[in-house]
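One structure below.
Residue indices begin at 1 and follow the sequence shown. Remember, it's 1-based here, ligands and their atoms both numbered in the order they're listed.
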Amino acid sequence: MAARVVLEEATVITATGAPPFEGAVVVDGGRIADVIEGRRRPGTGEERVVRLAGRCLLPGLIDAHVHAAAVDADIGAQNRRRYESEVAVLAGVALEEMLARGFTTVRDAGGADAGFRRAIEQGAITGPRLLVSGRPLSQTGGHGDQRSATDYNDHGDCGQHVGLVHAIADGPDEVRRTAREELRRGADQIKVMASGGVVSPTDRLESLQYSLEELSSAVATAQAAGTYVLAHAYTPASIAVCVEAGVRSIEHGNLLDEPTAKLMAEHGTFLVPTLVTYEKLHDEGARHGVPKESLDKLARIVDAGLESLTIAAGAGVRIASGSDLLGPMRRYQGEEIGIKAGALGAVGAIIAATRTNAELLGLEQEIGTIEVGKQADLIVADGDVLEHPGLLGRDGGVVLVLLGGRLVHDRLG
Ligand SMILES: [Zn+2]
């Protein structure tokens, strides 16, 4: 594709908060060179012109919570049955598929290490901009401890390095050392497990995990390295401890109540709802081998998700967006936006997955909106996403993807 590209006759959704308009976007040297309302001036003839016939042009989507290395839905079984090399290759394929769905930036919330980021930067695989968290930190018996109650091994994993492998660390000193270890290995940010979870075999969903001292140790360690902590948490009690410790984003947050939402808003803490994963675990988890004891825990949170979003929006919490899908269910990644639209409206759901996610990642100067000077991460949806936001989750709903001005997916025909 020519260095200079004009995408015209588009319905432009800038995600800045300004109303959508009919117009054109000019891409030059990998960046957005011009944003034009109405018909553009005649070009020089040197550029490639793509006519979008009224289709929606949006900033590239951002997913703040993926697991590229969760090849199977049953993580425990994956760790026992898959070769590391097999997991690495399949994770690379998963990243390529995310980009084709229109996700031009993803934050891996545990599992992927910096090697995947390097493989993309070297062009070995075509993937989205990638921020990795390495191994999530979990307390003994916490959400990241994959041992069954009858497993007497000392370590929480099977010794693998590639996959959804966690690091068990207890006490502020071990948390500090383990966080430093992940940073040494190239993690962009640190993930901690601060409450019970669905796919962990021995904890209760309501368990408080990690003390204020342990969480503060993780936050101080991350901040000293110029980065931050994201925390898995469902209950108001666990969220409140995270906010007090200075955690930047609460992942999931399904059981959020009003007082805790207020606390998050006061501290500027981001919420990263991941509603689609609970819907799909509920509908398809058993078929993909997720154990019954995990699925039993789902009932508590599957219906609470959308309500937590309404509470968060009412309190003025900064609402970001993730998917958190595992294994084959990752193909539903884009459905998160349609689900969120039920509480935030179509534009609100799109802004969560673009502008607000960029702010969460600290990349708001570079990506997240259609504005002159930003990276030309752009997608085209095959229809009216303002009327039908679910389109972004439909197979073939995203027909064109540009990453830094480079055409990486083209089904426009
Ligand atoms: Zn997750």
Side-chain angles (χ1 to χ4, degrees), residues 62-76 78-79 87 91 94-95 98 103 106-113 116 130-139 142-146 156-157 163-167 182 187-201 203 205 207 209-210 218 228-235 238-239 242 247-255 270-282 285 288 290 294-295 297-298 301-302 305 308 320-330 332-333 335-336 339 353 357 360-361:
I62 303 173
D63 191 331
H65 194 125
V66 304
H67 295 290
V71 169
D72 295 317
D74 183 353
I75 298 304
Q78 173 182 317
N79 289 349
V87 171
L95 287 163
M98 290 178 198
F103 288 88
V106 304
R107 183 180 67 173
D108 195 284
D113 68 12
F116 291 99
L130 175 64
L131 296 117
V132 299
S133 307
R135 296 177 304 166
L137 275 58
S138 169
Q139 68 174 50
H143 181 45
D145 193 333
Q146 290 296 319
D157 57 54
L164 222 177
V165 181
H166 301 81
E182 292 311 310
D188 294 293
Q189 62 280 320
I190 295 295
K191 167 80 178 291
V192 299
M193 301 303 193
S195 85
V198 174
V199 294
S200 32
D203 62 2
L205 200 76
S207 298
Q209 297 183 5
Y210 277 142
Y228 67 90
V229 170
L230 61 149
H232 162 107
Y234 290 122
T235 59
S238 61
I239 294 168
C242 289
V247 163
R248 183 167 174 85
S249 69
I250 301 297
E251 309 297 303
H252 324 303
N254 296 45
L255 302 174
F270 289 85
L271 177 68
V272 182
T274 62
L275 304 175
V276 66
T277 197
Y278 303 107
E279 190 178 301
K280 298 304 173 187
L281 275 170
H282 180 267
H288 297 299
V290 177
S294 289
L295 295 174
K297 290 198 252 181
L298 259 185
I301 49 173
V302 72
S308 74
S321 188
S323 63
D324 194 27
L325 290 157
L326 306 172
M329 292 178 279
R330 288 179 296 189
Y332 303 120
Q333 188 177 18
E335 287 191 23
E336 178 70 21
I339 297 172
N357 266 356
L360 163 61
L361 273 40

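- A donor-acceptor pair shorter than 3.5 Å cannot be found between the side chains of Asn254 and Ser308.
- In summary, Arg107 and Glu251 engage in a salt bridge, as defined by a charged side-chain N under 4.0 Å from a carboxylate O.
- Considering Arg330, Glu335, Glu336 as possible partners of Tyr332, the one that fulfils the side chain to side chain contact (heavy atoms under 4.5 Å, CB included) test is Glu335.
- Salt-bridge formation is detected for the pair Asp203/Lys297: a Lys NZ or Arg NE/NH1/NH2 atom is positioned less than 4.0 Å from an Asp or Glu carboxylate oxygen.
- Shown are the protein N/O/S atoms under 2.8 Å from the Zn ion (ligand 1), given by residue and atom: His65 NE2, His67 NE2, Asp324 OD1.
- Between His65 and His252, the ring-plane angle classifies as tilted under the 30° and 60° cut-offs.
- Within a 6.0 Å sphere centred on NE2 of His282, other residues, nucleotides and ligands contribute 12 heavy atoms or fewer.
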